[in-house]
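Chain letters run A, B, ... following the sequence lines, proteins first, then strands; residues in each count from 1. What you see is a predicted model; the values in this text were computed from it and never measured.
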There are 2 protein chains.
Amino acid sequence: MSNNWGEIRDEIKRRVLDRELLPGAKLPSDQELAEEFGCARTTVQRAMQDLALSGTVNRRRKGGTRITLHPITRTTFDIPITRLEIETAGKEYGYYLVSREILVTPPYVASSFGLSKPMEMLHVVALHLADKKPYIFEDRWIAHATTPEVLDVDLSRESANEWLIRNRPYSDCEVRFLAKNATPHEAELLAADTDDALFVMERTTWINSAPITMVRAIAAPGYQLVTKAS
Amino acid sequence: MSNNWGEIRDEIKRRVLDRELLPGAKLPSDQELAEEFGCARTTVQRAMQDLALSGTVNRRRKGGTRITLHPITRTTFDIPITRLEIETAGKEYGYYLVSREILVTPPYVASSFGLSKPMEMLHVVALHLADKKPYIFEDRWIAHATTPEVLDVDLSRESANEWLIRNRPYSDCEVRFLAKNATPHEAELLAADTDDALFVMERTTWINSAPITMVRAIAAPGYQLVTKAS
DNA sequence: TAGTGGTCTAGACCACTCA
DNA sequence: GAGTGGTCTAGACCACTAG
């Protein structure tokens with residue numbers, strides 16, 4: 001007799017792990033499970049909501065609940081502010097503004113925003129340091145047409161990322177992870193060798209389809225993104 | 001007067017995007033919001049559950065609900081079966097078993113599993129092809145002590161990944177993303193050049209702390225992982 | 001210790017979709 | 001058309017924690 005939704009979820013998970021329920025198997029209806037567990041249907045619904053969210057089961061009206069046929073690994077990454085990531089690791093944070101200028105967007109930036117024409121944006125290049133060593137190199141474009149106040153910010157003291165997070169929420173965000181060889185310039189800034197494999201995180205954000213910023217964050221050699229999945 | 005939870009969620013989100021609610025701002029209690037929106041408290045609770053899950057707000061008993069002070073980008077990746085990923089992209093899937101042998105785990109594998117001592121595992125190397133071109137190179141260790149049936153599977157016809165997914169659910173999974181330079185061997189298999197930057201996805205899975213498998217999937221040059229975030 | 005969020009119940013109606 | 005999941009209500013009690 002389980003009367004909390006977490007126990008019901010765990011019991012269903014156990015049946016999957018113990019192979020009592022195989023991929024594709026159909027579960028009883030919520031109503032029947034409620035009777036089995038001796039609880040209200042709402043409670044079963046809450047457990048099933050969680051299992052559906054984690055990808056364990058698929059639910060369809062009239063079709064019922066089934067164990068996912070082709071399970072996928074669903075991973076969630078929280079990408080923090082770089083300063084907090086470094087400080088949380090117990091290291092000393094450092095920040096260095098490399099350049100700041102208004103330029104016309106090159107094609108790859110415009111296309112990332114989905115713009116049909118190039119436009120002027122604020123281009124900011126900066127370096128984040130952990131214990132005085134290069135950690136992440138940041139190449140950022142900011143649409144000052146959308147956020148004009150950013151032109152008055154002293155970006156040599158505070159990273160554009162932190163200012164934007166406090167002052168410019170976004171409605172949409174696209175994230176890309178990839179690998180690239182270090183250019184001589186990147187190698188120099190990151191204390192790496194030319195052609196070293198570097199891990200790159202790109203993010204583009206919009207507010208109601210108006211561009212806000214696009215950033216390419218290039219990590220120093222050895223960087224890993226780690227997470228636990230369900 | 002909103003009486004469905006999605007509308008309430010969207011209205012709160014709108015207030016955040018329009019900067020009517022700033023990071024750190026305290027929201028009225030669920031009870032008060034229920035009166036404002038003219039609905040039951042349960043409905044507000046459902047909306048808030050969603051906002052908390054997406055990282056928009058923080059909720060604490062007695063402390064109330066606040067707009068997240070340091071918003072983070074929370075991204076969710078679904079890592080599918082490679083065959084389905086290729087077929088979904090409308091390409092022809094190919095699979096080639098490179099090697100299969102029982103070996104003692106090298107230190108990096110044992111430590112990834114959290115094992116104190118090395119143990120014998122099945123080591124499988126395979127290549128996934130998209131339209132006859134190398135797509136992902138897979139280097140996998142399978143704990144046949146946990147899953148002895150895998151020794152009888154013909155891994156030249158079916159990838160170990162697909163067999164495991166159908167036959168060996170996991171309770172825990174750790175995922176790592178990183179970049180590495182191609183070794184001569186990897187370069188040859190992936191039709192790349194030695195030292196090309198390659199994107200690597202590593203996954204280690206357990207069932208109730210017993211090791212199942214660890215895989216290092218190395219993608220051909222140009223591979224990107226893309227997702228939309230909230 | 002009092003306020004706030006988390007959960008459960010019992011019942012109702014609706015929305016989707018399978019047969 | 002009927003079965004099943006999704007949502008809403010009104011009320012209750014519990015669990016956590018800020019002041």
Side-chain angles (χ1 to χ4, degrees), chain A residues 1-16 21-71 74 76 230, chain B residues 1-16 21-71 74 76 230:
Chain A
M1 166 89 120
S2 307
N3 60 350
N4 76 54
W5 68 265
E7 282 178 29
I8 295 173
R9 175 200 56 196
D10 292 344
E11 170 60 15
I12 301 295
K13 270 193 178 168
R14 187 198 63 72
R15 292 180 191 179
V16 173
L21 289 170
L22 298 176
K26 182 171 182 177
L27 273 69
S29 71
D30 288 7
Q31 182 56 50
E32 290 168 315
L33 285 173
E35 286 160 20
E36 172 184 340
F37 288 113
C39 66
R41 182 167 81 88
T42 325
T43 307
V44 172
Q45 156 76 23
R46 182 67 183 82
M48 289 303 172
Q49 178 194 332
D50 196 69
L51 289 167
L53 210 63
S54 72
T56 306
V57 302
N58 290 323
R59 282 161 74 73
R60 313 187 65 171
R61 287 156 151 129
K62 169 77 180 183
T65 304
R66 288 175 181 279
I67 305 298
T68 300
L69 194 53
H70 296 295
R74 181 164 295 169
T76 301
S230 58
Chain B
M1 167 92 120
S2 306
N3 60 350
N4 75 56
W5 69 265
E7 281 179 29
I8 295 174
R9 175 200 56 197
D10 292 343
E11 170 59 15
I12 301 294
K13 271 192 177 169
R14 186 197 64 73
R15 292 180 191 178
V16 173
L21 289 170
L22 298 176
K26 182 171 182 177
L27 274 68
S29 71
D30 288 7
Q31 181 56 51
E32 290 168 314
L33 285 173
E35 285 160 20
E36 172 185 340
F37 288 112
C39 65
R41 183 167 80 88
T42 325
T43 307
V44 173
Q45 155 76 24
R46 182 67 183 82
M48 289 302 172
Q49 177 195 332
D50 196 69
L51 288 166
L53 210 63
S54 72
T56 307
V57 302
N58 290 321
R59 282 160 74 76
R60 312 189 67 171
R61 286 154 150 134
K62 170 78 178 180
T65 305
R66 288 176 181 279
I67 305 297
T68 301
L69 195 52
H70 295 295
R74 180 164 297 168
T76 301
S230 59

For the pair made of [atom1] in [X] and [atom2] in [N], what is the distance, rounded to whole Å?
X: Ile8(A); N: dT7(C); atom1: CD1; atom2: P; value: 12 Å
X: Trp5(A); N: dG5(C); atom1: CH2; atom2: P; value: 18 Å
X: Gln31(A); N: dA2(D); atom1: CD; atom2: C1'; value: 16 Å
X: Glu35(A); N: dC8(C); atom1: CD; atom2: C1'; value: 17 Å
X: Asp30(A); N: dA15(C); atom1: CG; atom2: P; value: 18 Å
X: Arg59(A); N: dG3(D); atom1: CZ; atom2: P; value: 18 Å
X: Lys26(A); N: dT4(D); atom1: NZ; atom2: C1'; value: 8 Å
X: Asn58(B); N: dT4(C); atom1: CG; atom2: C1'; value: 15 Å

I'd like to check the salt bridge (charged side-chain N to carboxylate O under 4.0 Å, His left out) partners of [X]; sequence neighbours left out, ordered by chain and number.
X: Arg74(B); value: Asp78(A)
X: Arg41(A); value: none
X: Arg61(A); value: none

Smallest separation among heavy atoms of [X] and [Y], with atom names:
X: Ala47(B); Y: Ile8(B); result: CB-CG2, 3.8 Å
X: Cys39(A); Y: Val44(A); result: SG-CG2, 3.8 Å
X: Thr68(B); Y: Gly55(B); result: OG1-O, 2.7 Å

**Item:** Thr65(B) side chain near dT4(C) phosphate (N/O to OP1/OP2, under 4.0 Å)
**Value:**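 Result: no.
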**Request:** Look at Thr43(B) and dT9(D) and indicate whether a side-chain polar atom (N or O) is within less than 4.0 Å of OP1 or OP2.
**Result:**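 Looking at the OP1 and OP2 atoms of dT9(D), one of them is under 4.0 Å from a side-chain N or O of Thr43(B).
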**Request:** Name all stems that contain residues of DNA chain D, defined as runs of 3 or more consecutive Watson-Crick or G-U wobble pairs, both distances under 3.5 Å.
**Result:**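 Ordered by first number, the stems with DNA chain D (at least 3 consecutive pairs each) read C:1-18 with D:1-18.
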**Request:** Remember a base hit wins even if backbone is also touched, and classify Gln45(A) as base, sugar-phosphate or nothing at under 4.0 Å, heavy atoms.
**Result:**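 Base: the residue Gln45(A), judged by heavy atoms under 4.0 Å, touches a nucleobase.
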**Message:** Pick the closest DNA chain C nucleotide for Arg46(A) and for Glu32(B) by heavy atoms, then say which residue is nearer the 5' end.
**Reply:**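 So the residue in question is Glu32(B).
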**Request:** For Glu32(B), check side-chain contact (heavy atoms from CB on, under 4.5 Å) against everything at least two apart and list the hits.
**Result:**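 Only Pro28(B), Ser29(B) meet the side-chain contact (heavy atoms from CB on, under 4.5 Å) criterion with Glu32(B).
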**Asked** Hey, does the side chain of Arg59(B) reach the backbone of Thr65(B) with a donor-acceptor pair shorter than 3.5 angstrom?
**Response**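 No: the side chain of Arg59(B) does not pair with the backbone of Thr65(B).
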**Item:** Chi angles and distances behind the side chain to side chain contact (heavy atoms under 4.5 Å, CB included) call for Thr43(B), Asn4(B)
**Value:** CA-CA 7 Å; Thr43(B) 307; Asn4(B) 75 56; 5.9 Å; no
**Protein-to-nucleotide contact annotation, 5' to 3' order, nucleotides 11-19 of chain D [B base; S sugar-phosphate only; - none; under 4.0 Å, heavy atom]** = BB--BBBB-
